[in-house]
2 protein chains.
Amino acid sequence: MARRKQAVTIKHVAADAGVSLQTVSRVINKEPNVRPAMRERVQASIEKLGYVPSIAAQRMSGSRSYLIMALNDRERTIADWEKREGTDWVDQMMFGGMLTCAEHGYRLIVELIDTHSDHIERELLAAIAALQPDGVILTPPHSQNRQIVDLLDEHNITIARIGSLTGGPGLRLTMDDERAARLATEHLLALGHTRVGFIAGSPEYELSAWRVDGWRTAMAAAGLDLEGLLAESDFSLASGERAAVRLLDGDAPATAIIASNDQTALGLLNVVRSRGLDVPDDLSVISFDDTPVVRFGYPPLTAIEQPIANVTARAVELIIAARAGEKPPASPQVVPAGLVVRESTAAPKRRR
Amino acid sequence: MARRKQAVTIKHVAADAGVSLQTVSRVINKEPNVRPAMRERVQASIEKLGYVPSIAAQRMSGSRSYLIMALNDRERTIADWEKREGTDWVDQMMFGGMLTCAEHGYRLIVELIDTHSDHIERELLAAIAALQPDGVILTPPHSQNRQIVDLLDEHNITIARIGSLTGGPGLRLTMDDERAARLATEHLLALGHTRVGFIAGSPEYELSAWRVDGWRTAMAAAGLDLEGLLAESDFSLASGERAAVRLLDGDAPATAIIASNDQTALGLLNVVRSRGLDVPDDLSVISFDDTPVVRFGYPPLTAIEQPIANVTARAVELIIAARAGEKPPASPQVVPAGLVVRESTAAPKRRR
DNA sequence: CTGAAAGCGCTAACAG
DNA sequence: CTGTTAGCGCTTTCAG
């Protein structure tokens, strides 16, 4: 096959502007030490010829690939895609990530990696070797996976970790899950609930604990007892059902329940329905994911809205800034999640 | 910043296997004319060292970039992302595209391009220059945009056009919209409807006409009159509402309506509700998109399920095969959409 | 502040 | 069937 060549290269620009390649390169990379007049002349040629640098060539010679890799959990992502229930983690990451990347001449490329796998190292090394990304955005559970984080760090790749604050290298970002849980709890308390149950997320996720903390804090501030109000889950629908049974079967059942994600919220709703209970009359429900099932189901659930696009955008900015030599922020970056009130929460009406 | 070098390159493999670079290259690219023994030896070294070729370097020297670009309409895609209603075009394209790409050592990279824009050429040329993709997957409306298609063709990029059969270069793929519309219509006819209305999609999309054709064919086959049963739309909710009014206001209103996408279906439902009509008792409804709003709304709508992941996967396969020198299929590839029956369609019950 | 030379990792073209 | 040579487009030294 014919060697496919770049239509207009740095050479053409250099020739057109009557300068050397280096000067053009310097202008492209916004390096200092170029006289304004020269810079303008080159810029004009670039525009005139419609020159755009080849990222492959940039990667080959320089230290930058202009590629940022968004690393997601393969199993979970594929499961979501297969279900077609509208879970939009990946979309929102692209939304925030792609657009922000574009502003800086970078591209976002999505990769899926198995979490629970012995060949995780091989997979990741392969992706690194093939792409040589400048930065990687990690989401849970990868963001707290020390093996992944360390491996990337050894390869001198800038890391942005969303939803993990544990040790190791990398920039940290959170959506302040603790605060979000607090907001949700306070919303229910304000409605008059005193027995607010909480379905904790999978203990394998750091943020599960943060959410429990938020709930606990809000309950404690109101002087309320937590006895029998905390149930575990692994984020699955089935575990949500089991948790719901536990929270509703005690002597003093919960009158409101916060679920740590949409699946457990759905499991909870299954149990509620099977018992002929009404939401929100008999039980108020809050989901920690604002996915379409949650929004369009009946009733539309009050939910925590996670600003995935915004954290990802922030992550991209941090990575690019770090590459540009800026000192990374000392503390974790917070892009707080909010609460969207819908029809699944109300004052506790009936006595049971 | 330090020059970041590849951990293990083709050189290391060559040294380890005691052969020349070229032989390693031949093995990597599965070229013929390599003795099995040699091939095995090299393969062993590759595995031992965990070698993975750098796609940047591959692009630099060869004719392949191992990048396939999925080109989507910027405005529409961003609008979908902002709404967070779970529209999963992009996800499904990634689902089918990424996984199939991975099987062949390719990567899928998503790009957004404005359709209605005078700088469309500049945007596209920039993407081409930066990425040098081997192939591009086009979805409507880009797939029928002659300017885009021709530009890509001039740059010797393999094109896969989904949902467009008009002239010009490129591999063609459809979901057989005509058949899908026929299926939907026949489903309603089988239920006993004789006045099946159709809300046509935006005339700017080729497939809008195909869908109308399918409906028309099915109606004609049943010997039914089409008078007052076809309404236009531009795919927007508002236009769906207007179309609904038209179809329901005549002397002999429709007892069933097929909407060309989810938004017009939603518009239709708005009108239905505002008139106190019941779905499906007073009116059967079918959507041409199976998005979460459609699935989780009340009632869950009978809908056409578009196999976006599968067409995209097929598109990737065709592109890679074409690059490998295979003769492209003579006729358009068809990955047919199916009908999912839910609760919005029933026999016409009441007389109005 | 600007330019020239070297080389990134890989493959096309050509020899052997 | 295998090896050698040149060069892709760009940036990083290092000189002026």
Side-chain angles (χ1 to χ4, degrees), chain A residues 1-15 17-42 46 49 51-67 105 128-132 134 156 323, chain B residues 1-15 17-42 46 49 51-67 105 128-132 134 156 323-325:
Chain A
M1 187 162 307
R3 206 183 193 87
R4 193 155 33 103
K5 297 209 283 192
Q6 206 82 345
V8 31
T9 73
I10 197 169
K11 270 188 195 164
H12 300 118
V13 178
V19 298
S20 72
L21 303 187
Q22 282 44 338
T23 307
V24 180
S25 175
R26 286 188 182 108
V27 172
I28 297 166
N29 296 300
K30 300 193 176 69
E31 278 173 29
N33 300 344
V34 180
R35 248 183 310 159
M38 188 119 268
R39 181 182 301 281
E40 258 174 59
R41 186 141 57 94
V42 172
I46 289 177
L49 302 177
Y51 168 73
V52 176
S54 148
I55 75 165
Q58 289 187 123
R59 159 67 195 94
M60 277 307 291
S61 62
S63 48
R64 282 169 311 236
S65 65
Y66 292 94
L67 250 30
I128 292 173
L131 260 17
Q132 291 281 357
D134 289 342
N156 198 16
R323 283 271 144 187
Chain B
M1 187 162 305
R3 206 185 194 84
R4 192 153 35 101
K5 296 209 283 191
Q6 206 82 343
V8 30
T9 74
I10 197 168
K11 270 189 196 163
H12 301 119
V13 178
V19 298
S20 72
L21 301 187
Q22 202 40 241
T23 305
V24 179
S25 174
R26 287 192 181 105
V27 172
I28 297 166
N29 296 299
K30 299 191 176 67
E31 279 173 30
N33 299 342
V34 180
R35 245 185 313 159
M38 187 117 269
R39 179 182 302 280
E40 258 175 59
R41 186 140 58 94
V42 173
I46 289 177
L49 302 177
Y51 168 73
V52 175
S54 149
I55 73 166
Q58 290 187 122
R59 160 65 195 94
M60 278 309 291
S61 64
S63 49
R64 282 170 311 238
S65 65
Y66 291 95
L67 250 29
I128 292 174
L131 260 16
Q132 290 281 359
D134 290 342
N156 197 17
R323 282 272 144 185

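In what follows, every chain begins at residue 1, and chains take the letters A, B, ... in the order their sequences are listed.
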Side chain of [X], heavy atoms from C-beta onward: which of [options] has the nearest atom to it?
X       : options                : value
A:Leu21 : D:dT11, C:dT11, D:dT2  : D:dT11
A:Ile10 : C:dA12, D:dC14, D:dC10 : D:dC10
B:Gln58 : D:dC8, C:dT11, D:dC1   : C:dT11
A:Arg26 : C:dG9, C:dG3, C:dT11   : C:dG3
B:Val19 : C:dT11, D:dG9, D:dG3   : D:dG3

Want to settle it: does A:Val34 or B:Val8 sit nearer the 5' end of DNA chain C, counting the closest nucleotide to each?
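Its nearest nucleotide being more 5', the pick is A:Val34.
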DNA chain C nearest-nucleotide lookup for B:Glu31 and B:Ala56: closer to the 5′ end is B:Ala56
Tell me whether the side-chain N/O atoms of [X] come closer than 4.0 Å to OP1 or OP2 in [N].
X       : N      : result
A:Ser54 : D:dG9  : no
B:Ser20 : D:dG3  : yes
B:Asn29 : C:dT11 : yes
B:Thr23 : D:dG3  : yes

If I take atom [atom1] in residue [X] and atom [atom2] in nucleotide [N], what distance separates them, rounded to the nearest angstrom?
X        : N      : atom1 : atom2 : result
B:Leu131 : D:dG9  : CG    : C1'   : 15 Å
B:Arg64  : C:dG9  : CZ    : C1'   : 15 Å
B:Ile28  : C:dC10 : CD1   : P     : 6 Å
A:Leu49  : D:dG9  : CG    : C1'   : 15 Å
B:Glu40  : D:dT2  : CD    : P     : 13 Å
B:Lys11  : D:dT4  : NZ    : C1'   : 14 Å
A:Met60  : C:dG7  : CE    : P     : 14 Å
A:His12  : D:dC8  : NE2   : C1'   : 13 Å

Residue whose nearest DNA chain D nucleotide is more 5′ - B:Gln22 or B:Pro36
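Final value for this comparison: B:Pro36.
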Have a look at B:Val24 and tell me which of B:Val42, B:Thr9, B:Asn29, B:Val34 forms a side-chain contact (heavy atoms from CB on, under 4.5 Å) with it.
B:Val42
Expected output: side-chain B:Arg41 to main-chain B:Ala17 donor-acceptor under 3.5 Å
yes
Would you confirm whether B:Arg323, through its side chain, and B:Arg64, through its main-chain N or O, come within 3.5 Å as a donor-acceptor pair?
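Not a single qualifying donor-acceptor pair exists.
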Any donor-acceptor pair under 3.5 Å joining the side chain of A:Arg59 to the base of C:dG9?
no
Any N or O donor-acceptor pair under 3.5 Å from the base of C:dC10 to the side chain of B:Ser61?
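In this structure, the two groups form a donor-acceptor pair.
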Which heavy atom of B:Val8 sits nearest to which heavy atom of B:Tyr51, and what is that distance?
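So the minimum-distance heavy-atom pair works out to O-CD1, 3.2 Å.
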Could you tell me which non-hydrogen atom of B:Arg59 sits nearest to which non-hydrogen atom of A:Ala56, and how far apart they are?
CG-CB, 3.6 Å
Under 4.0 Å, heavy atoms only, any strand: does B:Tyr51 hit a base, just the sugar-phosphate, or nothing?
sugar-phosphate
Hey, what do you get for CD1 (A:Ile10) to CD (A:Gln22), rounding to the nearest 0.5 Å?
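Interatomic distance, A:Ile10 CD1 to A:Gln22 CD, rounded to 0.5 Å: 7.0 Å.
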